[in-house]
Each structure stands twice: as structure tokens, then as C-alpha cells.
Amino acid sequence: MCGMSGGSSWNTRLRELAKEGLFKEGLQLYRQMLRSGDSPNAFSFPFALKACAALSLPLSGAQLHCHVVKTGCDPEPFVQTSLISMYCKCSLVENARRLFQQSPQSRRLTVCYNALIAGYSLNSQFSAALLLFRAMRRAGVMFNAITMLGLIPVCTVPLDLDFGMSLHACNVKCGVDADPSVGNCLLTMYVRCGSVDVARKLFDAMPEKGLITWNAMISGYAQNGLASHVLDLYHKMESVGMDPDPVTFVSVLSSCAHLGAQSVGRDIEWRILSRGFDFNPFLTNALINMYARCGNLARARMLFDEMPEKTLVSWTAILAGYGMHGQGETAVHLFNEMCGVGIQPDGAAFVSVLSACSHAGLTDKGLEYFSEMKRIYGINPGPEHYACVVDLLGRAGQLEEARELIYSMPVKPDGAVWGALLGACKIHRNVELAELAFERVVELEPTNVGYYVLLSNIYSEVENLEGVAKVRIMMRMRNLRKGPGCSYMELKKKVHLFLAGGRDHPQAKEIYSMLDGLEDLVKDSVGSKNKERRVEEVLAGTGVHSEKLAIAFGLLNTQPGTELVVIKNLRVCGDCHVFIKMVSKIVDRKIVVRDASRFHHFRNGVCSCNDYW
DNA sequence: ATAGGGTTAG
């Protein structure tokens, strides 16, 4: 290795590899250097340590630590800082802390504090990060923008918002917030603490919006369930000439999945291909998820099958898709196959397989998974898992068992758990248990209108008019109003929204006359026995339900034979599924009405997208 | 030459 002799050429090459992100190759080169008999020096270690951190190789990192000590480089602050950072990134925070504490005060430079503060924050040791920041200031060490980049992410939940805002104020006072990275970081903090509006104000006020700024805001909307805002902002991004990258597309695709907007998603897929971003596993997973949720299982499956390295997320996305669309057996089969190839399921994978079982009526199978979850995989079920199992038992009519399960929960049941029981009571017309579940759920989610409507519908089904009135009064006292029922349907890259009884769609006239025709056909096909009453029932009180409008619109504007997919905000209000079933038969069309409770912009039963686009 | 940071899927 005559050409490589002398430490500096090794170091140059190491630096190049680190810059390119070729960490594996960097470590190989470091080992090659040792074999060739050259000694690493203080300029070699930071690169090699960075590689261990990036690849999360604590053993190699510790070995490097030995080399550092052997070569006497350990007092060097740069090397010290690299070691601290490496240990933090390998989740060995204790080692990092010890190194920091052992170093003399005089060698604790700003970067050294920065590395440990960021490390604490990365490992969710929030108070430790804060305390160290205070100690830093007491010691008179200057902080800079990068200190803030470590510290700001400490604030992750709404409760942290006050502290986050004080950091923001502090940054403004020192002028640190002018650094675009700090701006991005603050933006992300507001988003994570649920203050999307504040984040947007910050976004609008930022003079130089980089790609990361756009991505932070777009993903912020996505994470807060504001899918239509994601698409708006994405279009704006394109219109100002900012080029999206794979990170952007991940959020956009996730929003298409939430909206059921398959044709927008297809358009995005085309852009991904034309930019050469295919083979990015994040994007492939996002595409699988989008197609699966939109019901295009064939395309989702094709992408999944062609994926060379399927991750846990890929498997979960595809099996959740099958589960959602009633193909529980396929979902279960995929889950088993996944375990068979050695991928360990996590909590989210269990949520998907459990809900697949409950939708497909595979009660025993679901219960089996639930018990395996703790026993074999050591995952403690959270409220989301209990909600699935309550739903599973409830749909199967085992209401008592469901109630018992809730009482035996080691974690506090949340609204979804009691809500699942309430939903089961609706199916099986159990008023007494419904009242109990309602009391609990309303304590936990007093403003979720969906539950009031659910109970009211249970009362009206058993003709308990007093009950219906009771719920109405309760809602009035709490100043709650059921938003109008709303449904939407995607057609040619536009989402068409329908409110119950609404007339503001451009095709309103045609839609209403189509609906009149449909209702007449349905009336005619009801048998003559108890005809009046049956007709009322079938037409569900003859109201102009939003899903009826959506279906009429769909029949007007689509080719015969295509499937109509309607998404509806409240699964529980104004059931007109008998009507839909009959229409479907009469016009010989497959009509699917999907429950939007898992669509975030329908949270609390209120639709937050209020326009066509 | 060397250290510290901001955006990504189920």
C-alpha cells in the first residue's frame, strides 16, 4: 500500500466516504488502514465513529473507543464529542454521560454539550436534556443554533408547548431563529405539539423556504390528519417551482390514502417513476398503503410482490388493506407468512391483523392472536388492541365477555374501547349495556358527536322515544350539534363532497332527479306485505342522506359496471344500507360504502374538508 | 483536514 502511506491520505478518503454517506465502506477502509500497519490519529476517529453511529454498531464503536485510548487521542475535544455522539446514537446514553462527566470542565466546549443534549433528546430523556442546557448556561458556555436543534425536539406533546414557546422566544431574542434549520426545527415542534396553525404562521413568515421547510409543513399537516391541506400545500409547492423529493411524496401519498383519492395517488406514482424515485422503500411502502386503502388490492399486491426487501411496514400495509376490504383470511395468511419469514410483528401489525379478524368475523383466530401477542412476542397490548378485541367479541355477540375484558384491562380504557362496545350494542340492540358504555365514552370524549348519535339511534331502533329525547337534550346542554351527514366520492382526480340534503353541487338538479327515480324503483321492489312501513324502513325515514346523493352522482357520471366507492362520515347515522343494497341489485353495480372513522379529517364526526377540489 | 442539527411510510 505504498500509495496510501501516511495517515493523511487515509483520512482524506475516509472523509470523502463519510460525506457521501458510504458508512459501510468507510468502516472497511478504517479496518484496511489498521491492517496495513498505519495508525489512526485524531483526524481519523471522528469519521469512523460517525460511521458506527450511522450504522448503529455499538460494538465497533466501543472497539474504536479502545483505539482512541490506546493512541492517546481521548482528551481531544473533537474526538470526545464524536464518542459521545456515537454512544448516544447507539442508545448507550450512560456511556456518553460518563465520558462527559469524566472530562474536565475546561474541555467541555459548546459542541460537547450540543452532542449530549441532542443525545438525551434522541433517547427521550427530556428532563436530562433540559438540565444539561441549564448547566451549560450556568457554566458560562455559549450556546448556538445547533444547541437549539438538539433541545427544541424535546417538546413533542401539547403539554410541552409552553416550554417550546419559551425556547422560541429565547431564540428570537438571541437571533438564533434566523438560522433556517432552527426555523424548520421550531416548525416541526409546533406541528408535533398539535399547533398546526402556529406552525403555518411560522411557515408563511419564513423568508427562505427550503425543501425541508416545505416537507416539514406538509408532513405536519399529514401527521395531524389534515389530508386536504397536504394536497393544497403540495400543489402550491409545485407552483412556486420547488422540486419535491421522496420525503414530500411520502406525506402526499399518505394523505391520498386517507382521502381515498386513488387517482391523485396514481398521478403521484407517475411523478415518482419519472423522477427515478422508484426503488425507494419508503415510497414503495407508501404506495402499497395508498393503493391498499383505496381498495386497489391488485396494484398494491403487485408492488408488494415486486419489492426485493419487504419490511414490517410493507407487510402491515398490505395485510391491513386486505383486512379493511373484508378479505380477513388473506390478511391472516399474510400475517402468518410474515412471521414465517422471520419478521417480528409489532404493536401496529397486531392492530391490523386483529381488526382484519374482526371485520371478517374470525373471532377465535383474533382471540388467538391477542393471546400470542403477549405470550410469544412480549408486546403489552395498548388500548388500541383492546378496542379491536372488544369490537371482535362485540360483533360476535359476546357482549358480556367484551365488558369483562374491559374491566380486566391493565391499562386505562380510552374512548375507542368504550366506543367499540357501544357500537356492538347497536348491532345487538342491547340498550342497558349501551347506556353504560355511553356514560364512560362521553366522560372520555365529551365532544365526540358520533357517540351521541349512536346511542340515539339505538334508542330509536327499540322505539324508546324518551331515550332519543334525552340524548338530544344532553347534546343541546353541551352545545353540541351533529354536523350534517356527509359523504364523498372520488371521480377523475376530484373529490366530490355531499352534505345531507345539500344542493350546492353543480349537478344538483340531475342528482336529485336521479335519486327520485331510484327511490321509485326501490319502492316498487318492496313486497306488498306491510308495504308502507317497509318502504319507510328501506328508505330510512325518506331523508336525503348524503350517501344517497353520492350514489346518484356516481351513477350519473360513471360507466356501467364500475364499482362505486362512497366514503361516509358517520357509520352510525341514518343507516340506509338496505336502500343501497337494493339499488345495487337494481342497477347491477357494486356499491361500497366505507366508514370514514379512520379518516382523520372526519374526526369527531365532523368533516374538515369543506370544498371540492 | 477533525465534532454538534432540521423533513419520510404501516
Residues forming a ring-ring contact (aromatic ring centres under 6.0 Å, His included) with Tyr190(A), sequence neighbours excluded: His168(A)
Pairing residues for Lys365(A) by the salt bridge (charged side-chain N to carboxylate O under 4.0 Å, His left out) criterion, not counting sequence neighbours: Glu368(A)
Electrostatic pair Lys19(A):Glu16(A) at N-O distance under 4.0 angstrom: no
Contact under 4.0 Å: Arg192(A) side-chain N or O vs dT7(B) OP1/OP2: yes
OP1 or OP2 of dG5(B) under 4.0 Å from side-chain N/O of Lys89(A): yes
Strand contacts (DNA chain B) in residues 238-250 of chain A, 4.0 angstrom heavy-atom criterion: Val247(A), Val250(A)
Presence of Asn285(A) side-chain N/O under 4.0 Å of dG10(B) phosphate oxygens OP1/OP2: no
Contacts of Pro104(A) that satisfy side-chain contact (heavy atoms from CB on, under 4.5 Å) - sequence neighbours left out: Ser106(A), Arg107(A)
Qualifying residues under ring-ring contact (aromatic ring centres under 6.0 Å, His included), relative to Phe203(A), sequence neighbours excluded: Trp214(A)
Contacts of type side-chain contact (heavy atoms from CB on, under 4.5 Å), residue His67(A), not counting sequence neighbours: Tyr30(A), Leu34(A), Phe45(A), Gln63(A), Leu64(A)
Set of residues satisfying salt bridge (charged side-chain N to carboxylate O under 4.0 Å, His left out) with respect to Arg301(A), sequence neighbours excluded: Asp305(A)
Phosphate OP1/OP2 of dA1(B) contacted by Thr12(A) side-chain N/O (<4.0 Å): no
With Glu372(A) via salt bridge (charged side-chain N to carboxylate O under 4.0 Å, His left out) - residues at least two apart: none
Close approaches to DNA chain B from residues 203-216 of chain A, in residue order (heavy atom, under 4.0 Å): Ile212(A), Asn215(A)
Residues touching DNA chain B, which here means a heavy atom under 4.0 Å, drawn from residues 47-69 of chain A: Phe47(A), Lys50(A)
dT8(B) OP1/OP2 closer than 4.0 Å to side-chain N/O of Gln223(A): yes
Non-neighbouring partners of Glu306(A) that pass salt bridge (charged side-chain N to carboxylate O under 4.0 Å, His left out), sequence neighbours left out: none
Phe23(A): partners by ring-ring contact (aromatic ring centres under 6.0 Å, His included), with sequence neighbours left out: none
